[in-house]
2 protein chains.
Amino acid sequence: MPESAIRPRKEFGKTIAADITHRLREEIIACALPPGEPLRFDVLRERFGASFTTLREALTALAAEGLVDAQEQRGFRVAPVSRQDLVEVTDARVLIEVELIRRSIGRGDDDWEIAVISTLHRLKRIEQRDPEHPLRDPEWKIAHRQFHQALVSACGSATLLAIRAELFDRAERYRHLSANFRPRPRDKAGEHQAIMQAAISRNADLAVQLIETHIRSTSDNVAKYAGHLLDAE
Amino acid sequence: MPESAIRPRKEFGKTIAADITHRLREEIIACALPPGEPLRFDVLRERFGASFTTLREALTALAAEGLVDAQEQRGFRVAPVSRQDLVEVTDARVLIEVELIRRSIGRGDDDWEIAVISTLHRLKRIEQRDPEHPLRDPEWKIAHRQFHQALVSACGSATLLAIRAELFDRAERYRHLSANFRPRPRDKAGEHQAIMQAAISRNADLAVQLIETHIRSTSDNVAKYAGHLLDAE
DNA sequence: CTAGACCATATTTTCGAAAATCATACCGTT
DNA sequence: AACGGTATGATTTTCGAAAATATGGTCTAG
């Protein structure tokens, strides 16, 4: 199978553009490309090995997701961060996530329960391995994302799930921003466990309350430990 | 000033790509490009007078908005319509619009009241002119959009406003879909008037109830008069 | 010394050709 | 006739050159 060696690697999508979109998204969320950083084509071209127009397509898609800021005729830059934006993302997440948890608990079937339980199980396994810096572990990030995704997956609305996914990405970027300054992760494992139990036992009110607290306390932590980065803009 | 004649017209944005994105969006919403229609580059190239890559950028942006469906390696098409999608868009709109109305009523200042009153006034003026087929009048469409925009404009969250705008566009496409089959528009003028009064008098509960009814009855009308188009897919 | 005009350079944006991929019709075999 | 493989044409996707635009510095007039 020589083809995989010949053509440019496409780890994610079928097209190079989709692949670059995916890689760029990851780097922005992880703050490998810091907020506000100008995204010049020369640099991106060398870094991702794609042409102007292909990069442009990827940047345009990310601009629609709110991770990139397109300044017409003056190029692109990583979307800046701010206290205001953090508050907006947090509020929007609470509004939508709460609704989706409610719907999922109301509609979830056996497969949903299994998905919730098994994704949490994997998350806990990974946490045992290195409980110090979970956000630095790519596997933990994926597992964490999949657990929260599983919780709402039975809500029945692809439209709201897509919106939720965008907000989750934007929030995760803020978590990365503060990760380097946070002295120690708080007890997320316990929170996740409690959310799972409330969901499985179909206690919607409790699950909703736990999720809201979970989201808001994460956001508060970001504001606390990365506040100096938010005002600098 | 010869420049406007020389270079390609850019009615909307500074770049051709942004301009084409805008024009394509309008045509898709108005169903001038019908749902499910394949968007072939040859055709678009002739129609919009732009190159492959510029069109590609516009289509990618619209795909992120949910108005275009990108099928990797097999091109783009106008996003298909379905009963399920209509229900999802309607539900999501109610969830978000209700919240934003509440926040706007809680935070709106004098300028907000003026914006609500004046946009409604213009809308009514235009309706008097041709009360039969409002959706066919581009000015009515703009005025209608601006009135609903004004209602929520004081909510304080650019993030939620952007999400709301996307959902509004997707819903407007469904309204256009049914416009040709609907015998007569119902009394929207009265509904708008009542919503305005509830908002200005800061009666949030009433405004929320009226908005929800407004959105849902519009959606019901679409399902009633364009139902045959929704099942065909 | 400041403000504005002008040029040179850096950067973005657009284009159409070329490569890659997909869809279809054709052909031979079973 | 049904099936599988292959050639052919249609379509999308990608590329780097060329055009358009912004940026920054220099000069001049006030």
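In this text, all values refer to a predicted model and were calculated from it rather than measured experimentally. Basis for what follows: all heavy atoms, side chains included, without hydrogens, waters or symmetry-related copies.
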For atom [atom1] of [X] and atom [atom2] of [N], their distance in whole Å:
X: B/K14; N: D/dT21; atom1: NZ; atom2: P; answer: 11 Å
X: A/L59; N: C/dT13; atom1: CG; atom2: P; answer: 10 Å
X: A/E57; N: D/dT13; atom1: CD; atom2: C1'; answer: 8 Å
X: B/L55; N: D/dT13; atom1: CG; atom2: C1'; answer: 13 Å
X: A/D69; N: C/dT12; atom1: CG; atom2: P; answer: 14 Å
X: A/D19; N: D/dT13; atom1: CG; atom2: C1'; answer: 14 Å
X: B/I16; N: D/dA19; atom1: CD1; atom2: P; answer: 14 Å

Between A/R56 and C/dT12, is there a side-chain N or O to OP1/OP2 distance below 4.0 Å?
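So the side-chain polar atoms of A/R56 never come under 4.0 Å of the phosphate oxygens OP1 or OP2 of C/dT12.
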
Answer yes or no: does a side-chain N or O of B/R45 lie under 4.0 Å from OP1 or OP2 of C/dG16?
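Yes, within the criterion.
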
Is there a side-chain contact between B/L39 and B/V78 (heavy atoms, below 4.5 Å)?
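In short, these two side chains touch, coming nearer than 4.5 Å.
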
Steps toward salt bridge (Lys or Arg N to Asp or Glu O under 4.0 Å) verdict (B/R173, B/D85):
CA-CA 12 Å; B/R173 186 165 71 120; B/D85 186 61; 5.0 Å; no

Applying side chain to side chain donor-acceptor pair (under 3.5 Å), can you list everything that pairs with B/H176, at least two apart in sequence or on another chain?
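Checked B/H176 against side chain to side chain donor-acceptor pair (under 3.5 Å); zero matches.
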
Show every donor-acceptor pair shorter than 3.5 Å between a side-chain atom in residues 155-162 of chain B and any protein atom, with sequence neighbours excluded, or say none if there are none.
residue	atom	partner	partner atom	Å
B/S157	OG	B/L160	N	3.0
B/T159	OG1	A/E88	OE1	2.8
B/T159	OG1	A/R170	NH2	3.2

Where the side chain of [X] is concerned, which of [options] is the nearest nucleotide?
X: B/T53; options: D/dC15, C/dT14, D/dT13; result: D/dC15
X: B/F76; options: D/dT13, D/dA22, C/dT13; result: D/dT13
X: B/Q73; options: C/dG16, C/dC22, C/dT14; result: C/dC22
X: A/T54; options: C/dC15, D/dT14, D/dG16; result: D/dT14

Expected rows: protein N/O vs nucleotides 8-11 of chain C N/O, under 3.5 Å:
none

B/E172: which of B/R145, B/R25, B/R93 passes salt bridge (Lys or Arg N to Asp or Glu O under 4.0 Å):
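With B/E172 as partner, salt bridge (Lys or Arg N to Asp or Glu O under 4.0 Å) holds for just one option, B/R145.
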
Say you draw a straight line from CZ of A/R47 to CZ of A/F41; how long is it, rounded to the nearest 0.5 Å?
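CZ of A/F41 is found 15.0 Å from CZ of A/R47.
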
Rounded to the nearest 0.5 Å, how far apart are OH of A/Y174 and CG of A/L230?
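Interatomic distance, A/Y174 OH to A/L230 CG, rounded to 0.5 Å: 6.5 Å.
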
With heavy atoms under 4.0 Å as the rule, sort A/L39 into base, sugar-phosphate or nothing.
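It contacts sugar-phosphate atoms only.
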
Salt bridge (Lys or Arg N to Asp or Glu O under 4.0 Å) pairs, two or more places apart, involving residues 34-45 of chain B:
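Checked against salt bridge (Lys or Arg N to Asp or Glu O under 4.0 Å) - neighbours excluded - no pair reaches residues 34-45 of chain B.
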
Listed by chain and number, what are the side-chain contact (heavy atoms from CB on, under 4.5 Å) partners of A/A150, not counting sequence neighbours?
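So A/A150 forms a side-chain contact (heavy atoms from CB on, under 4.5 Å) with A/A115, A/V116, A/T119.
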
So which one's nearest nucleotide on DNA chain D is more toward 5', A/F52 or B/F52?
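Comparing both residues, the 5'-ward one is B/F52.
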
Measure from NZ or CZ of B/R175 to the centre of the six-membered ring of B/F168, then state whether that distance is under 6.0 Å and the direction lies within 45° of the axis.
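Yes, a cation-pi geometry.
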
Can you name the atoms? Protein N/O to nucleotides 23-25 of chain D N/O, anything below 3.5 Å, with the distance.
residue	atom	partner	partner atom	Å
D/dT23	OP1	A/R74	NH1	2.9

